[in-house]
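To start, the structure itself, in structure tokens.
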Amino acid sequence: MAPAKNHKKKSSLKSSVSSSSIDRGPKRRFQNRLLKWYGEFGRDLPWRRTSDPYRILVSEVMLQQTQVDRVVPKYHEFLGKYPTLLDLAAAKPDDVRKAWYPLGYNVRPYRLHSIACEAVEKYGSTIPRDPAQLQSMKGIGRYTAGAVRSFAFNEDAPILDTNVMRVLHRVFLGNGDPKKKTSRLWAMSEELIPKGKGYDFNQALMDFGAVVCTARKPYCLFCPMRDFCQAFPVEIK
DNA sequence: GTCCGGAAGG
DNA sequence: CCTTCCGGAC
């Protein structure tokens with residue numbers, strides 16, 4: 001009788017090390033395939049051709065409420081009129097509201113203007129990168145703060161808008177109401193970012209939700225995640 | 001007509 | 001937790 005050694009556990013690394021709610025395999029597959037997909041199919045959008053935090057902020061506030069196709073022309077027009085943070089801060093609020101038309105949700109141009117003023121007064125005419133400072137400003141919630149941090153400052157900061165929520169919920173959770181799992185999805189969004197790649201990964205997430213994993217009629221047959229997606233195939237209504 | 005959507009305010 | 005804001009897509 002061979003005195004077999006007792007291995008209680010093969011590897012403590014496997015399941016309990018990090019408080020991760022996502023398994024290694026799916027996590028790495030998702031990261032790799034998403035970034036690959038983005039390299040191939042990612043969109044060329046104007047705010048991806050600048051590193052000016054002000055311009056990225058403008059784009060994010062516009063995108064909060066409006067689809068990309070409607071934002072693009074207005075983004076150029078608005079920045080033609082207010083090319084810098086200082087230009088916007090110096091403007092009259094009502095002129096900013098007029099420059100916003102017809103994007104809708106008209107409280108937002110006022111807030112964007114007040115953010116510009118506050119940045120000039122309190123933060124040395126720069127957009128702050130600190131999440132608490134960002135979120136202290138009216139008009140910047142957790143999503144927009146994460147977007148500014150990752151897209152303007154290259155930080156590995158998580159984002160969660162309804163697109164990202166839908167994608168992560170479908171791929172990793174499957175059924176149920178995503179809105180009831182908001183805090184868990186925030187944690188997942190953070191956990192999934194490959195170190196140092198917050199910018200590309202988050203941009204990729206947004207594109208993927210907008211192009212493949214759409215709210216209605218998602219393109220599951222072209223989806224690189226379909227072999228492990230918990231929601232595949234999403235029923236078409 | 002119905003759905004969609006960030007942030008604020010209730 | 002729920003509603004409001006505003007315009008467009010379907």
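Naming: A, B, ... by sequence-line order, numbering from 1 per chain.
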Pair A/Asp94 + A/Lys98, salt bridge at N-O below 4.0 Å:
yes

Does A/Arg28 use its side chain to pair, donor to acceptor, with the backbone of A/Asp23 at less than 3.5 Å?
no

Non-neighbouring partners of A/Lys179 that pass side chain to side chain contact (heavy atoms under 4.5 Å, CB included), sequence neighbours left out
A/Met165, A/Asp177

Check the surroundings of atom NZ in A/Lys138: do more than 12 heavy atoms from other residues, nucleotides or ligands lie under 6.0 Å from it?
no

Of the residues in residues 91-113 of chain A, which ones touch DNA chain B at a heavy-atom distance under 4.0 Å?
A/Tyr105, A/Arg108, A/Arg111

Taking A/His169 for its side chain and A/Leu185 for its backbone only, find out whether a donor-acceptor pair lies under 3.5 Å.
no

Strictly below 4.0 Å, heavy-atom distances to any atom of DNA chain B: list the hits from residues 127-157 of chain A, or just say none.
A/Met137, A/Lys138, A/Gly139, A/Ile140, A/Gly141, A/Arg142, A/Tyr143, A/Thr144

Distance flag, aromatic centroids of A/Tyr75 and A/Trp47, threshold under 6.0 Å:
yes

Quick one: pull up OG1 in A/Thr50 and CG in A/Leu45 and give me the separation to the nearest 0.5 Å.
13.0 Å

Just by distance, do the side chain of A/Asp207 and the backbone of A/Ala204 share a donor-acceptor pair under 3.5 Å?
no

Would you check if the side chain of A/Arg166 reaches a backbone N or O of A/Cys213 as a donor-acceptor pair within less than 3.5 Å?
yes

Chain A on DNA chain C: first and last contacting nucleotide, 5' to 3', under 4.0 Å to a heavy atom?
C/dC5 to C/dA9

Using a strict heavy-atom distance below 4.0 Å, which residues from residues 165-184 of chain A are in contact with DNA chain B?
A/Arg166

Does A/Trp186 offer a backbone N or O that forms a donor-acceptor pair with the side chain of A/Ser189 under 3.5 Å?
no

Can you name the residues that form a side chain to side chain contact (heavy atoms under 4.5 Å, CB included) with A/Lys81, not counting sequence neighbours?
A/Ala99

Contacts table for residues 140-149 of chain A: side-chain donor-acceptor under 3.5 angstrom, sequence neighbours left out:
residue: A/Tyr143; atom: OH; partner: A/Glu60; partner atom: OE1; Å: 2.9
residue: A/Thr144; atom: OG1; partner: A/Gln64; partner atom: NE2; Å: 2.7
residue: A/Arg149; atom: NH2; partner: A/Glu155; partner atom: OE1; Å: 3.4

With sequence neighbours excluded, tell me which residues meet side-chain hydrogen bond (donor to acceptor under 3.5 Å, both in side chains) with A/Asp200.
none

Sequence-distant partners of A/Thr214, side chain to side chain contact (heavy atoms under 4.5 Å, CB included), two or more places apart:
A/Pro218, A/Tyr219

Residues forming a side-chain hydrogen bond (donor to acceptor under 3.5 Å, both in side chains) with A/Ser59, sequence neighbours excluded
none

For DNA chain B, the residues among residues 45-71 of chain A that have a non-hydrogen atom under 4.0 Å from it:
A/Gln64, A/Gln65

So, taking the atom named OH in A/Tyr38 and the one named NZ in A/Lys197, what distance separates them when rounded to the nearest 0.5 Å?
13.0 Å

Determine yes or no for a side-chain-to-main-chain donor-acceptor pair under 3.5 angstrom, with A/Arg226 supplying the side chain and A/Phe232 the backbone.
no

Where does the chain A footprint on DNA chain B start and end, counting 5' to 3' with a 4.0 Å heavy-atom cut-off?
B/dC3 to B/dG9

